[in-house]
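Taking it in order: structure first as structure tokens, then the write-up.
When a ligand or atom number is given, it counts from 1 through the structure's own listing order. Residues: numbered from 1 along the sequence shown.
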Amino acid sequence: MADTTATPAHYSFFEGVERNFDKASKYTRFEKGILEQIKACNAVYRMKFPVRIGDNVEVVEAYRVQHSHHKLPCKGGIRFSMDVNQDEVMALAALMTYKCAIVNVPFGGAKGGIRINPKSYSTYELEKITRRYTSELVKKNFIGAGIDVPAPDYGTGAREMSWIADTFATLNPGDINAMGCVTGKPVTQGGVRGRQEATGLGVFYGVREMCNVAEDMAKLGLTPGIKGKKVIVQGLGNVGYNAAKFFSQGGAILVGIAEYEGGVYCETGIDLEALVAHRKATGSILGFAGMTDVAESGKVLEMPCDILIPAALENVINASNADRIQAKIVGEGANGPLTPEADEILNAKGVIVIPDMFLNAGGVTVSYFEWLKNLSHVRFGRMDKRFTENVNSQILNSVESLIGKSVNEVERKMILHGPDEVDLVYSGLEDTMIGSFHEIRESMLANPGVDMRTAAFIVAINKVGVAYEELGIFP
Ligand code: NAD
């Protein structure tokens, strides 16, 4: 199967991020030196370590980049992929700095990567590689609740985070905050409820908020609201699957899905869970009853829809396919799915691109909640759930006796309900995505003509710039 979304050989992801930064920095008031410092990667750790795989010793290449120390700890995911290289990890670490600033999470940006194809290793081998990588980070003081806190990313999940936490805790006996060294852990290992679906849910909240602005929708020739909007999602992994799920639940129509083995399209809507079950049974999303199969997966991105969510890899929309994109809104679920050239083409066509460093910030937002939970050693809601329910009950009883009427049992349950951990996490995430969307929109209104990515960069540069100014420069 030919890949129409291949990356041009000359393209540097980090340079692309710098290019966007430079474009936005013109709209800020900071001196050149401060801007250079915001842009620079503070620390790049490139390592190679041996791991015995079967009868052989394999030398594994890995990275951890801490882009900014203006706030500590640094924060960013770890990916397992054969595409991992220094340029990519640096770019992703830089995006993390801007992302944290945009959603008001008090961390500097970081990113890690191990250059392996996780599908080529057994679970035991992956555990060995992950634990060895963690011990390399410990040796160089590149991990810890107050230093640098990794999280899941492409090719990793809760299982790998659990191995990292356990290795760190073993090498740091007595560290009461050891569990705060990594986020995205299973709930039983210090994780927080709602983290797994957080990025996809944040993508949904962010796009929904944009669709709720009638004025902006009118410019795109769309009606306000998410209901009935046609959506295509690339990638059925953590971000893509959860985004697709919340779009469906929110009343949007899922018309296309692209995965690495191919894509499917159906104008009247795809039943996501049935498609996932079909893939589980057959090993492929292709051949699902009622769908049009698209052998060349990248072509699905070019099919008719209102909203396109690339949520798999970077650079998938580039100079070679951008002008064929039919969506009016492109929401970057993945990091860096558009090249700067694609950005320009889509902007010229009047497509609104909701940038990655805002739209997929749900993961780091809920990671921040998890880290707070780890440092406070108490589950969210534990102290106030019962209290809230008791107060609600007293208020309801008073109202009922005053008006002489009673609510039904379903209503009573809903009114009395005190928040569980997941309720608080979802609510904190929703509030963050809505608040940050409007900060970016206000920046667009204050700087007429800028696109949403530039506006998001302006917001981020202003926050990080002020932090550096107020921090002062160490003599
Ligand atoms: P994942 O490994 O869970 O899922 C990625 C999915 O993409 C997989 O299902 C894979 O099969 C699919 N895929 C691979 N090649 C493809 C192709 N050519 N066409 C279509 N699909 C293909 O990874 P993830 O955690 O969902 O991350 C996806 C993107 O989102 C990455 O860019 C990551 O940096 C970004 N992101 C993830 C999180 C998070 O919390 N997981 C947070 C922010 C950003």
Side-chain angles (χ1 to χ4, degrees), residues 1-7 13 75-84 88-89 91-93 95-96 98-100 102-103 105 109 111-113 117-119 150-161 183-185 191-192 194-203 206 232-245 256-264 275-276 279-280 283-286 294-301 308-317 321 331-338 355-368 370 429:
M1 148 181 49
D3 183 3
T4 55
T5 59
T7 313
F13 188 8
K75 189 93 190 73
I78 293 177
R79 58 172 55 185
F80 288 180
S81 156
M82 282 310 286
D83 292 331
V84 163
E88 181 190 78
V89 186
L92 292 166
L95 284 175
M96 283 305 299
Y98 311 131
K99 189 180 296 188
C100 290
I102 286 168
V103 289
V105 165
K111 202 80 182 188
N117 176 0
K119 294 198 174 90
D153 194 68
Y154 189 87
T156 60
R159 179 184 68 172
E160 287 75 14
M161 302 308 115
T183 58
K185 302 178 292 291
V192 72
R195 171 62 184 88
Q196 207 188 337
E197 64 272 34
T199 307
L201 180 57
V203 167
I232 293 177
V233 176
Q234 182 190 39
L236 265 189
N238 179 293
V239 181
Y241 165 74
N242 284 300
K245 185 177 90 179
I257 299 275
E259 251 297 337
Y260 74 93
E261 70 267 24
V264 290
L275 181 72
V276 168
R279 191 180 193 212
K280 214 170 172 185
S284 170
I285 58 172
L286 299 173
V294 185
E296 207 181 306
S297 174
K299 286 282 175 206
V300 176
L301 308 186
L308 172 62
I309 308 288
L313 307 166
E314 53 249 26
N315 304 336
V316 290
I317 304 176
N321 62 355
E332 294 187 319
N335 283 312
L338 270 69
D356 47 8
M357 55 186 187
F358 157 64
L359 197 64
N360 67 29
V364 75
T365 303
V366 175
S367 275
Y368 170 48
E370 179 177 334
L429 174 61

Flag [X] as yes when one of its N or O atoms lies below 3.5 Å from any N or O atom of ligand 1, and as no otherwise.
X	answer
Lys119	no
Lys111	no
Arg79	yes
Gly363	no

Run the numbers for me: atoms of ligand 1, each under 4.0 Å from some heavy atom of [X], listed by number.
X	result
Ala311	28 (C)
Ala258	20 (C), 21 (N)
Ala334	29 (C), 30 (O), 32 (O), 35 (C)
Gln234	19 (N), 20 (C)
Gly155	2 (O)
Gly237	3 (O), 4 (O), 6 (C), 9 (O), 26 (O)

Any donor-acceptor pair under 3.5 Å from [X] side chain to [Y] backbone:
X	Y	answer
Asn242	Thr199	no
Ser367	Thr183	no
Glu332	Asp356	yes
Glu314	Ala334	no
Ser297	Glu259	yes
Lys185	Ala158	no

Within the 4.5 Å heavy-atom criterion, are [X] and [Y] side-chain neighbours or not?
X	Y	answer
Val364	Lys99	yes
Pro337	Val316	yes
Val300	Gln234	no

Select one of side chain, backbone, both or neither to describe which atoms of [X] lie under 4.0 Å from any atom of ligand 1, heavy atoms only.
X	value
Glu259	both
Ser297	side chain
Ala198	neither

*Does Arg195 come within less than 4.0 angstrom of ligand 1, counting non-hydrogen atoms of the residue?*
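Distance cut 4.0 Å: Arg195 passes for ligand 1.
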*asked:* Please confirm whether Glu314 approaches ligand 1 to less than 4.0 Å, judged on its heavy atoms.
replied: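 Outside the 4.0 Å threshold, so no.
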_Option with minimal heavy-atom separation from atom 27 (O) of ligand 1, where the choices are Val233, Leu92, Val239_ =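 Closest candidate by heavy-atom distance is Val239.
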*Please work out which of Asp153, Ile285, Val316 has its closest non-hydrogen atom nearest to atom 36 (N) of ligand 1.*
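Considering heavy atoms of Asp153, Ile285, Val316, the nearest to atom 36 (N) of ligand 1 sits in Asp153.
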*Is the closest basic N to carboxylate O distance between Glu197 and Lys245 below 4.0 Å?*
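Salt bridge absent between Glu197 and Lys245.
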*Could you go through the side chain to side chain contact (heavy atoms under 4.5 Å, CB included) check for Phe13 and Leu95 one step at a time?*
CA-CA 11 Å; Phe13 188 8; Leu95 284 175; 4.0 Å; yes
